[in-house]
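So you know, we letter chains A, B, ... as the sequences are listed, proteins then strands, and number each from 1.
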Protein chains: 2
Amino acid sequence: MGTAAAGDDDRMALLRFVERFALVLREAGMAPMPARVFAYALADDADRYTAGELARGLDVSPAAISGAVRQLVQFGLLVREREPGTRSDLYVLDDRDLWSRFMAAELATLQRFEDAVTGGVDLLGLDRPGGRRLAETRDFMAFLRAEIDGAVRRWPAERDRLAAGRRPASTG
Amino acid sequence: MGTAAAGDDDRMALLRFVERFALVLREAGMAPMPARVFAYALADDADRYTAGELARGLDVSPAAISGAVRQLVQFGLLVREREPGTRSDLYVLDDRDLWSRFMAAELATLQRFEDAVTGGVDLLGLDRPGGRRLAETRDFMAFLRAEIDGAVRRWPAERDRLAAGRRPASTG
DNA sequence: AACACACTTCACACATGTGTGAAGGATCTG
DNA sequence: CAGATCCTTCACACATGTGTGAAGTGTGTT
């Protein structure tokens, strides 16, 4: 019986973490249910889930899962797969370059930011204080976007470097 | 009369831009009214505003301004000042290193992100797939945070370089 | 061909958050 | 000291968005 109780504790601890993680994702603009599903898929051990597994794992209604996975698939964080001879879609979180793809979406947001500000610069011109402030804002956004883009491109190499540093014996 | 009509057109165009800009800021997590006030203070020509000027300029109630400026002051995007012998606070958008300060707050969010994920790594350990995914996530967040931090530090110099490039005659 | 199952869609109850209008407090003016 | 003005606070009406339960659709099973 001790084993079962420990398993329940583990699961509760996992769900608490999922809520904590999801809260941060929500602050970053993600909707509540997609945030939960994503956090759960990332933290639990499986690498592919049916909609039903997600619903039971998070203890929410299948209807809530439906909308959440659609948004996550559209966002590119989850991929829908279909095993022949089964009637359930499988949702897989392909962790290969997951965060690079995530950041690509963030960079698009930054681009929209930049576009909006550029419209303001065109409207006001550089002769007025407001226009000059907006121009500096636009320049900063462009600079930041280029820097983040570069960092995201460098990440795969950096990740491999970190992994090599942590497994110094596996060089051959 | 043509002048007055053109002024109205300009003001309407400005307010349209403010709404567009505010929408992007809201997508980035800012509340609607603070987003509008900030966008307006940035884009309009004055560099300091009373609460009443903001209310009239945006055509919203003074009550709405009150909450918005408090949040912006707390956030560090607006500074409250008091001219002696007047009964109105002045809100000034000190544009000196405005975006560096803005990004400092964003970096704090990223730090919370990292902390939440680190908690998950401690919970799950590196022997389970979920734990390993979370560990890579944590490493990415740390990497990205360091990169953005570096970029923000480089920005003042980059800004001056851009300004110098646009005014090549004003070298001495 | 009928059934069973898994997921999706839809309408609704619910919670959350937002801006307005009215009342209250503080500060300068006469 | 009375009056006026400006801002703030509070309660409310409103809109927005969220997750559940029930009905509907498609697919594999018997």
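The stretch residues 40-58 of chain A touches DNA chain C through A:T50, A:A51, A:G52, each having a heavy atom within less than 4.0 Å of the strand. Contacts between residues 65-79 of chain B and DNA chain D, counted as heavy-atom distances below 4.0 Å, involve B:S66, B:R70.
Within the nucleic acid shown, A:S88 comes within 4.0 Å of sugar-phosphate atoms alone, with no base atom in reach, counting heavy atoms only. In this structure, B:R26 reaches neither bases nor backbone, as no heavy-atom distance under 4.0 Å exists between it and the strands shown. When heavy atoms are screened at a 4.0 angstrom cut-off, A:P32 is found touching the sugar-phosphate backbone but no base atom.
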Show which side-chain atoms of residues 64-81 of chain A pair as donor or acceptor with protein atoms under 3.5 Å away, not counting sequence neighbours.
| unit_1 | atom_1 | unit_2 | atom_2 | d |
| --- | --- | --- | --- | --- |
| A:R80 | NH1 | A:Y91 | OH | 2.8 |
| A:E81 | OE1 | A:R48 | NH1 | 2.7 |

Under 3.5 Å, which donor-acceptor pairs link side chains of residues 14-36 of chain A to any protein atom two or more places apart or in another chain?
| unit_1 | atom_1 | unit_2 | atom_2 | d |
| --- | --- | --- | --- | --- |
| A:E27 | OE1 | B:R112 | NH2 | 2.4 |

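Note on A:R82: every side-chain N or O is 4.0 Å or more away from OP1 and OP2 of C:dA6.
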*When you look at A:R133 and B:L98, which way does the side-chain contact (heavy atoms from CB on, under 4.5 Å) test go after all the steps?*
CA-CA 10 Å; A:R133 283 195 289 261; B:L98 174 68; over 6 Å; no
*Going through the checks in order, is the side-chain contact (heavy atoms from CB on, under 4.5 Å) test met by A:L162 and B:F140?*
CA-CA 10 Å; A:L162 278 176; B:F140 177 76; over 6 Å; no
*Taking it one step at a time, do A:M141 and A:L110 satisfy side-chain contact (heavy atoms from CB on, under 4.5 Å)?*
CA-CA 7 Å; A:M141 294 300 159; A:L110 209 51; 3.9 Å; yes
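A 6.0 Å sphere centred on CG of A:D59 holds no more than 12 heavy atoms belonging to other residues, nucleotides or ligands.
By the 4.0 Å N-to-carboxylate-O rule, A:R159 lies close enough to A:D97 to be salt-bridged with it. One finds a salt bridge joining B:R161 and B:E158 here, because a Lys/Arg side-chain nitrogen approaches an Asp/Glu carboxylate oxygen to under 4.0 Å.
Looking at which nucleotide of DNA chain D each of A:M30 and A:T86 is closest to, the 5′-most match is held by A:M30.
Annotation: side chain of A:L107 is in contact with side chain of A:R145 (closest heavy-atom distance under 4.5 Å).
Distance, A:D89 CG to C:dA6 P: 13 Å, rounded to whole Å. Distance CZ (B:R87) to P (C:dT29): 7 Å, rounded to an integer number of Å.
Listed by chain and residue number, A:R153 satisfy the salt bridge (charged side-chain N to carboxylate O under 4.0 Å, His left out) test with A:D149 (two or more places apart in sequence, or in another chain).
Here the range on DNA chain D touched by chain A, meaning any atom under 4.0 Å from one of its heavy atoms, is D:dT18 to D:dG21.
Taking the six-membered ring for Trp and thresholds of 30 and 60 degrees, B:F102 and B:F38 have nearly parallel ring planes, at less than 30 degrees apart.
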